[in-house]
Amino acid sequence: MAAEPLLITGGRIIDPGTGTDAVGDLLLIDGRVAVPGARTATAARTIDARGLVVAPGLIDLHTHLREPGQEYKETIASGTRAAARGGFTTVCAMPNTDPAIDNRAVVEYIQRTAAEVAAARVLVTGAITRGRAGKQLAEMGELAAAGCIGFSDDGTYVVDSGLMRHALEYARALGLPVLDHAEDPVIAAGGVMHEGWVATRLGLKGTPAAAEEAAVARDLQLAALTGGHIHIQHVSTAGAVDLVRTAKARGVPVTAEVTPHHLTLTHEAVLGRDTAPYDTSCRVNPPLRTDRDVEACIDGLRDGTIDAVATDHAPHATTDKLCEFDLAAPGLTGLETALALVLRLVHAGRISFAEALARLTCGPARALRLAERTGLTGLGTLAAGAPADVVVIDPDRIWTVQPAALASKGKNTPFDGWQLTGQVLVTVASGTVTYNALEN
Ligand code: DOR
């Protein structure tokens with residue numbers, strides 16, 4: 001069913017994909033962005049965006065929707081509601097579901113469920129290996145034919161280097177990227193946070209930066225060898241940023257993402273607040289690192305070494321976190337705080353508004369060539385004919401993170417009580433309003 005025409009008036013339209021930054025009106029007709037100046041035959045519904053920023057809907061390359069199998073943590077319905085609240089109109093679902101997304105039936109289950117209930121476009125990432133067990137390749141051709149936009153064993157590293165080589169060869173033949181959870185478990189050796197002084201003080205086992213850097217280095221070499229596109233997920237160390245930067249300069253087919261939390265927090269967050277150390281909301285893979293690593297990630301984001309900010313939205317139930325730090329499930333809920341956390345860098349003068357939006361819109365779309373892969377020309381931009389995916393933002397509105405108010409089932413956030421500046425007011429996906437705080 002075609003959504004009724006929608007006219008967003010008087011906003012500051014910032015669309016890094018087309019280099020636009022100007023006050024104007026945006027008309028959405030039949031699920032597409034209309035040609036500037038176009039008129040509708042019927043009266044359009046109007047949103048007054050004066051004083052607000054109008055941008056392409058955000059795209060998340062890294063979302064855990066947990067369905068099928070872990071619906072107590074999140075569902076496709078609740079996860080995409082959280083996406084809409086966070087300004088996201090497209091999310092890429094990770095395959096560490098139960099069962100894993102390693103065959104056509106699971107892909108189709110997600111696509112059909114999303115078509116019925118989702119408040120955002122759901123693109124599916126298939127597993128690299130069967131059951132994500134790292135032993136045999138999944139049916140990659142079948143997954144590609146079913147519509148997967150790439151392959152990942154996210155949550156685990158493909159330890160077998162020969163298998164990873166073959167994965168990159170097949171992925172290349174299929175024209176798809178391999179998304180790499182780059183963390184060597186042999187080096188990590190059961191670490192539960194960054195290896196450094198905080199881990200020592202708390203008596204927790206640490207994961208050194210080298211666990212990530214060794215893994216990234218191997219996979220950059222394999223990408224160079226095979227010509228397969230490697231996308232490094234959740235880069236967290238200065239060394240990994242450098243490796244990606246150098247590989248890009250050498251022409252290796254590599255792209256990379258960083259999470260809002262790795263741009264914001266250090267391992268000191270595990271010390272907790274109010275003299276309550278061992279804050280399990282800060283247990284995450286890869287772990288929160290040092291100031292130097294955060295700075296390097298910000299530099300990488302600014303200079304384009306890192307193509308995209310991706311949330312790694314990892315909702316967990318309260319019981320998964322209400323336990324000893326070492327036993328807590330890794331991950332944090334991320335979709336609803338992502339934009340405001342990235343805007344902290346803008347408000348601090350570290351990156352421009354347009355750069356921040358670029359890494360959340362055209363950056364991720366280009367990194368994984370999502371427009372070509374989905375047939376949605378212009379995805380991630382507001383070019384005429386692009387999908388009518390739009391977010392309206394009040395860049396100056398101050399709000400307080402309240403876990404209970406999050407649409408996600410996952411209330412696991414280390415940003416509980418933080419005051420953030422910049423809030424999503426309206427989200428429109430494929431021409432349909434999926435979130436509207438102006439009506440509340
Ligand atoms: O912290 C994380 N949580 N990192 C991952 O790679 C997986 C994720 C999850 O699925 O919970």
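Ligands are counted one by one from 1 in listed order, and the atoms in each one are counted from 1 as well. When a residue number appears, it is its place in the shown sequence, counting from 1.
- Numbered from 1 in the order shown, with element, the atoms of ligand 1 that lie under 4.0 Å from a heavy atom of Asn96 read 9 (C), 10 (O).
- Below 30°, between 30° and 60°, or above 60°: for His194 and His267 the angle between ring planes is above 60°, a perpendicular geometry.
- Close approach of ligand 1 to Val284 is summarised as follows: ligand atoms under 4.0 Å from at least one heavy atom of the residue are 1 (O).
- With respect to atom 8 (C) of ligand 1, the closest heavy atom belonging to the protein is His64 NE2, 3.7 Å.
- Side-chain contact check for Gln423 versus Leu339: every heavy-atom pair is 4.5 Å or farther apart.
- In this structure, atom 3 (N) of ligand 1 lies nearest to the protein heavy atom Pro330 O, 3.0 Å.
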- Could you go through the salt bridge (Lys or Arg N to Asp or Glu O under 4.0 Å) check for Glu295 and Arg289 one step at a time? CA-CA 10 Å; Glu295 288 302 308; Arg289 304 280 188 187; over 6 Å; no
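- More than 12 heavy atoms of other residues, nucleotides or ligands shown are found within 6.0 angstrom of NZ on Lys205.
- Only the side chain of His181 comes within 4.0 Å of ligand 1, judged by heavy-atom distances.
- Contacts between Met94 and ligand 1 below 4.0 angstrom, taking non-hydrogen atoms only, are absent altogether.
- Atom 4 (N) of ligand 1 has its closest protein heavy atom at Asn285 O, 2.8 Å.
- At least one heavy atom of His234 sits under 4.0 Å from some atom of ligand 1.
- For the ligand labelled ligand 1, residue Arg66 lies inside the 4.0 Å heavy-atom shell.
- Between Asp307 and Lys248 there is a salt bridge, since at least one side-chain N of the basic residue sits less than 4.0 Å from a carboxylate O of the acidic one.
- Looking at Leu137, Val159, Ile230 one by one, the single match for side-chain contact (heavy atoms from CB on, under 4.5 Å) with Met164 turns out to be Ile230.
- Without hydrogens or angle criteria, Asp394 side chain to Leu425 main chain gives no donor-acceptor distance under 3.5 Å.
- Take Asp389 and apply the salt bridge (charged side-chain N to carboxylate O under 4.0 Å, His left out) test, not counting sequence neighbours, and it matches Arg121.
- Neither the backbone nor the side chain of Leu332 comes within contact range of ligand 1; no heavy atom lies under 4.0 Å.
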- Query: Please walk me through it: do Arg359 and Glu355 pass salt bridge (Lys or Arg N to Asp or Glu O under 4.0 Å)?
  - Reply: CA-CA 6 Å; Arg359 302 293 181 263; Glu355 282 167 337; 5.6 Å; no
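- Residue contact check for ligand 1: Glu183 places no non-hydrogen atom closer than 4.0 Å to it.
- Near His316, with a cut-off below 4.0 Å to any heavy atom, the atoms of ligand 1 are 11 (O).
- Of all atoms in ligand 1, numbered sequentially from 1 with element shown, those under 4.0 Å from a heavy atom of Gly155 are 6 (O).
- Atoms of ligand 1 found under 4.0 Å from any heavy atom of Ala314, numbered from 1 in the order shown, are 3 (N), 8 (C), 9 (C), 11 (O).
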